[in-house]
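Here the structure comes first, spelled out in structure tokens, and everything after it is commentary.
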Amino acid sequence: MGDKVVNNFNNTASSRKWFKMPHTYVILIFLVLVAAALTYVVPAGEFDRVEDQATGKTLVVPNSYHEVDANPVSIVSIPKAIVHGLVDSADVVFFILIIGGTFEIISSTGTIEAITGRVARNFANKGRWVIPIFITLFSVAGFTMGMSTEVMVFVPIGIAVARALGFDALTGTAMVSLGAASGFTAGILNPFNVGLAQAIAEVPMFSGAWLRIILLVCLIAVTSLYLVRYAGKVRSNPEKSLVVELEREVENKELDLSNLPRMQVQHYLTIVVIVAGFATLIWGVSKKDWWMEELAALFLTMGIVTGFCARYGPSRIANEFVKGAKAITYGALIIGFARGIMVVLDQGDIIDSIVYGLSTVVGELPGPVQVLGMYLFQNVMNIFITSGTGMAVTTMPIMVPLADIIGVTRQTTVLAFQLGDGFSNMILPTSSALMGSLAVSGIPYQKWVKFFLPLMCMWIIIGAVLMVVAHAINY
């Protein structure tokens, strides 16, 4: 009997070893191969497109889908597609490298240690209140200026605060990125997804905000409770952290609350530079349409100025910058590999075919289920078109006429779009917002999926309920 138990145990252990989660790069390359295989199975096709004179956006012409000559992607073309993906996402990749270098310079000054140490002392007995505060704060940036990819620059601050309060890097990353994701999904005043979708659907811009406010409150509440529960477990027993290996690597950097460093002139100057830099970021993004090139230049400037404020010489600044960029290279390159998936689908001319096929399926569903079919359609489409603006101009011209035919209001159609555009961004390996945040934090993608998947299911259920309610009240 004892031998049988031992044998069963050994078999279980062997099975676990055999089913060990592959390396993130292996997963991404496998997905590239799947995308290439689809180019042999899915008929190539495309929609006609026209430029909207009012918005300047290129819109899909409804009922214009037609097949084109097949252009399957061969296996020998896959390495080139991956390199093409790296080139296409070069702005994001180098942005992340610059962020890594800049925050290494800032971290080396001791400023973050001094600030977060005092935060830890002030919130020593009520630290979990920081989580809903951060989530709410970043949700505002999400539903106003559409913060998504930019959120990665705030992740190091969230991690520093979380660790100072006895939590882990996963908590710090989540309370920043999920806060922004909640706001982005609600999209109350977001011109980049809801505003554009409503313009295409020809409904008043930002109308129907009351239901989106309810959505935001639900997302903040559920996300806060989920994260507070996880953070409490980690604080009680650090071994329960999903990223315990990562936390062990930084144990020597833990703050000693009994011996907090005093704020010095260089720390105050660094804070001034950081505040001025982020204020400039918000102004540039909201008023001047800044994107990766301008933001990267801004953070590079912040790093250099911070170094001089700390009385570093040019060589010390350069050394710290290279150290930070080197540490983040693994995660930065992941974004380029993930982009290779979209490159293959685009080269095979099957993205429009997938859109057309899914929209046709939705039209064939029974009446009461069609609204949920639209919701599912937009979630699936986000796998192939991760840009909110891109998905709006691709799917909305198709879904609006379909909604008119099946008796779904256009406002409900916009709601289906925004929910589909937001929820899955926090789990898709093709999402630059997610992969960028994980790159900055050093959290493996597999660990994030294990953490976030239950919460995503809750988000999807909330979205489904709101879709049914919206349809029932002719929203």
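Note that these values count all heavy atoms, side chains included, but never hydrogens, waters or copies made by symmetry. We number each residue from 1, following the sequence as shown.
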Inset, instruction - Test side chain to side chain contact (heavy atoms under 4.5 Å, CB included) on Thr185 and Phe143 and set out the steps. - result: CA-CA 7 Å; Thr185 302; Phe143 73 69; over 6 Å; no
Inset, instruction - Mind running side chain to side chain contact (heavy atoms under 4.5 Å, CB included) on Ile159 and Val440 for me, showing each step along the way? - result: CA-CA 10 Å; Ile159 292 175; Val440 171; 5.8 Å; no
Inset, instruction - For the pair Leu178 and Leu219, evaluate side chain to side chain contact (heavy atoms under 4.5 Å, CB included) and give the outcome as yes or no after the intermediate values. - result: CA-CA 9 Å; Leu178 294 184; Leu219 293 178; over 6 Å; no
Inset, instruction - In sequence, state the C-alpha distance, the side-chain angles, and the governing distance for Lys450 and Leu242, and then conclude on side chain to side chain contact (heavy atoms under 4.5 Å, CB included). - result: CA-CA 8 Å; Lys450 183 176 181 180; Leu242 292 177; 4.0 Å; yes
Inset, instruction - In sequence, state the C-alpha distance, the side-chain angles, and the governing distance for Ser77 and Ser74, and then conclude on side chain to side chain donor-acceptor pair (under 3.5 Å). - result: CA-CA 5 Å; Ser77 300; Ser74 66; 3.1 Å; yes
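Within the 4.5 Å cutoff, no side-chain heavy atoms of Asp349 are placed close to those of Ser353. Considering only heavy atoms from C-beta on, Asp168 stays 4.5 Å or farther from Pro238 through its side chain. No side-chain heavy atom of Lys323 sits less than 4.5 Å from a side-chain heavy atom of Asn319. Considering only heavy atoms from C-beta on, Leu434 stays 4.5 Å or farther from Asn425 through its side chain. A heavy-atom distance below 4.5 Å is found between the side chains of Met426 and Ser177. With a 4.5 Å cut-off on side-chain heavy atoms, Phe321 and Ile98 count as touching. Taking the side chain as every heavy atom from C-beta outward, Ser241 and Glu247 approach each other to under 4.5 Å.
How far CD1 of Ile220 is from CG of Leu137: 10.5 Å, rounded to the nearest 0.5 Å. For the atom pair CD1 of Ile351 and CG of Asp346, the computed distance is 5.0 Å after rounding to the nearest 0.5 Å. Residue Leu38 holds its CG atom at 6.5 Å from CG of Leu345, rounded to the nearest 0.5 Å. Distance check: Thr223 OG1 to Met175 CE gives 14.0 Å after rounding to the nearest 0.5 Å. To the nearest 0.5 Å, atoms CD1 (Ile99) and CG (Leu300) are separated by 11.5 Å. For the atom pair CD1 of Ile304 and CD1 of Ile105, the computed distance is 7.0 Å after rounding to the nearest 0.5 Å.
Here the shortest heavy-atom pairing between Leu466 and Leu415 reads O-CD2, 4.1 Å. Considering every non-hydrogen atom in both Val344 and Ala81, the closest pair reads CG2-CB, 3.7 Å. Taking both residues in full, the closest heavy atoms of Ala70 and Pro72 are given as C-CD, 3.5 Å, listed atom of the first, atom of the second, then distance. In terms of heavy-atom proximity, Thr109 sits nearest to His267 at O-NE2, 3.1 Å. Closest heavy-atom contact between Val194 and Gly187: CG2-O, 3.2 Å. Of all non-hydrogen atoms in Ser224 and Ile135, the two that sit nearest each other are OG-CD1, 3.6 Å.
Within the structure, the salt bridge (Lys or Arg N to Asp or Glu O under 4.0 Å) test picks out the following pairs touching residues 305-319 (sequence neighbours left out): Arg316-Glu320. Here ring-ring contact (aromatic ring centres under 6.0 Å, His included) pairs that include residues 438-462, with residues two or more places apart or in two chains, are Tyr226-Phe451, Tyr230-Phe451, Phe423-Trp459, Trp448-Phe451, Trp448-Phe452, Phe452-Trp459.
Taking 4.0 Å as the cut-off between side-chain N and carboxylate O, Glu294 and Lys288 do not count as a salt-bridged pair. Using a 4.0 Å cut-off between a side-chain N of Lys or Arg and a carboxylate O of Asp or Glu, Lys233 and Glu239 do not qualify as a salt bridge.
Put simply, the side chain of Ser441 gets close to the backbone of Leu438: a donor and an acceptor are under 3.5 Å apart. Remark: the backbone N or O of Leu428 is not paired with any side-chain donor or acceptor of Ser431 at under 3.5 angstrom. In this structure a side-chain-to-backbone donor-acceptor pair under 3.5 Å is present from Thr39 to Val73. Side-chain atoms of Asp352 come within 3.5 Å of backbone atoms of Phe47 as a donor-acceptor pair (strictly under, hydrogens ignored). With Gln198 contributing its side chain and Phe206 its backbone, the two residues share a donor-acceptor pair below 3.5 Å. A distance-only check finds no donor-acceptor pair linking the side chain of Thr171 to the backbone of Phe167 [under 3.5 Å]. Remark: the backbone N or O of Asn382 is not paired with any side-chain donor or acceptor of Asp421 at under 3.5 angstrom. Of the possible polar contacts, none joining the Gln378 side chain to the Gln418 backbone as a donor-acceptor pair under 3.5 Å is found. Looking only at distances, a side-chain donor or acceptor of Ser139 sits under 3.5 Å from a matching main-chain atom of Thr136.
Applying the ring pair (Phe, Tyr, Trp, His ring centres under 6.0 Å) test between Trp290 and each of Phe95, Phe299, Trp283 identifies Trp283 as the sole match.
With sequence neighbours left out, Phe154 forms a ring pair (Phe, Tyr, Trp, His ring centres under 6.0 Å) with Phe138, Phe278.
Side chains of Thr306 and Tyr312: a donor-acceptor N/O pair is absent below 3.5 angstrom, by distance only.
Within a 6.0 Å sphere centred on OH of Tyr40, other residues, nucleotides and ligands contribute more than 12 heavy atoms.
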